[in-house]
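Structure first, then comments.
Just the heavy atoms: all of them, side chains too, but no hydrogens, waters or symmetry mates, feed the values below. One-based numbering, in listed order, for ligands and for the atoms of each.
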Amino acid sequence: MTTALITGAAGYIGSHITVAVLDAGYNVVAVDNCVNAISGDGTIPPAIQRIQEITGKAVIFYKIDVVDKDRVREIFSKHKPDCVIHVAALKKMGESVDIPLEYHCNNIGSLLTLLEVMKEFNVTKIIYSSSSLVYGNIEYIPIDERHPVGKSCTNPYAKTKYFCEEILKDTCVANKDLTAVALRYFSPVGAHESGQIGEDPVGPPSQLVAFICQVAIGRRPQLNVFGNDFNTADGT
Ligand SMILES: NC(=O)c1ccc[n+]([C@@H]2O[C@H](COP(=O)([O-])OP(=O)(O)OC[C@H]3O[C@@H](n4cnc5c(N)ncnc54)[C@H](O)[C@@H]3O)[C@@H](O)[C@H]2O)c1
């Protein structure tokens, strides 16, 4: 049976992808360092536990940093994945301006590690979680795949997504066997229909809907609405 290695599997998008991949009949080896996912009691993050409950299938989970080549190599050696779905990344735009090196090391470093280990183990399929931010300032809508990318990425996080796409392109040119897909997510919203998994970041959410949800369930007291000179009824 085909085995997919899914990075960032305890996070928001990764947990939903893991459910879909399991439902499609593949084996999953899930990894996450829980930098932005609740890690639980240290054995298995609650999101992974819930994925198992939703799908009725077992998930092999490792709490590792995907930048750590030795650990990634151990997992490839033990589980022989057929493909990689690379979802793990740091993703807060504002934070990336304050700590750009962490963002570049984590987001670019993790992709480089995976591509190097994939090459060692002759794994030739990768799906990469990119972002609509690679489009920078939008020149026309609807945006299509011919829209320029990388010209006006305004923060380090966006740049890491653009650079990673370029790394994938260069690697595919050099290795004709490699197949890479970059999914340019916009801002996904919503949760699994079971209500068991959804967006549950560590610390204050960076996205409006996640923030609203935390206010709705009483985890945060209020939502501040900003602005006073926009062209709206009350200027907010
Ligand atoms: N949510 C969005 O609106 C959005 C939009 C565009 C792109 N993306 C991209 O989609 C991906 C997933 O986003 P998300 O919203 O699910 O974020 P998330 O923070 O919920 O999930 C990312 C997961 O990766 C883990 N992680 C980060 N660095 C790691 C590392 N070095 N090793 C192991 N695990 C690591 C985190 O602990 C987290 O669980 C990211 O690559 C992000 O850049 C998200």
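Residue A10 places no N or O, backbone or side chain, under 3.5 Å from any N or O of ligand 1. Remark: ligand 1 and D65 share an N or O pair separated by less than 3.5 Å (distance only, no angle test). For ligand 1, the polar-atom distance check against L90 finds no nitrogen or oxygen pair separated by under 3.5 Å. Between S110 and ligand 1, no pair of N/O atoms sits closer than 3.5 Å.
Among all protein heavy atoms, the one lying closest to atom 44 (C) of ligand 1 is I13 CD1, 3.6 Å. For atom 32 (N) of ligand 1, the nearest protein heavy atom (residue, atom name, distance) is V66 N, 2.9 Å. From the protein, the heavy atom lying nearest to atom 20 (O) of ligand 1 is Y12 N, 2.9 Å. In this structure, the protein non-hydrogen atom closest to atom 19 (O) of ligand 1 is N36 ND2, 2.7 Å. Distance from atom 42 (C) of ligand 1 to its nearest protein heavy atom, with residue and atom name: Y157 OH, 3.4 Å. In this structure, atom 14 (P) of ligand 1 lies nearest to the protein heavy atom K91 NZ, 3.7 Å.
In summary, K91 and E199 engage in a salt bridge, as defined by a charged side-chain N under 4.0 Å from a carboxylate O.
For S130, every heavy-atom contact with ligand 1 shorter than 4.0 Å involves the backbone, none the side chain. Looking at N106 against ligand 1, only its side chain comes within 4.0 Å, counting heavy atoms. Proximity of K161 to ligand 1, defined as any heavy-atom pair under 4.0 Å, is confined to the side chain (atoms from C-beta onward). Residue contacts with ligand 1, taken as heavy atom pairs separated by less than 4.0 Å, involve C34 solely via the backbone atoms N, CA, C and O. Within the 4.0 Å heavy-atom criterion, neither part of N107 lies near ligand 1.
Residue-ligand proximity: P201 is placed with every non-hydrogen atom at 4.0 Å or more from ligand 1. Using a non-hydrogen distance threshold of 4.0 Å, D32 registers as a contact of ligand 1.
For ligand 1, the atoms lying closer than 4.0 Å to a non-hydrogen atom of A88 are 24 (O), 26 (N), 29 (C), 34 (N), 35 (C). Those atoms of ligand 1 that come under 4.0 Å of a heavy atom in S129, given as number and element, are 10 (O), 11 (C), 41 (O).
Between N224 and Q222, the side chains place a donor N or O and an acceptor N or O closer than 3.5 Å (distance only, hydrogens not considered). Between Y185 and S129, the side chains place a donor N or O and an acceptor N or O closer than 3.5 Å (distance only, hydrogens not considered).
For atom 9 (C) of ligand 1, the nearest non-hydrogen atom from the set F186, Y185, Y128 comes from Y185.
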Between H79 and F121, does a ring pair (Phe, Tyr, Trp, His ring centres under 6.0 Å) hold up when you go through it step by step?
-> CA-CA 11 Å; H79 297 287; F121 286 82; over 10 Å; no
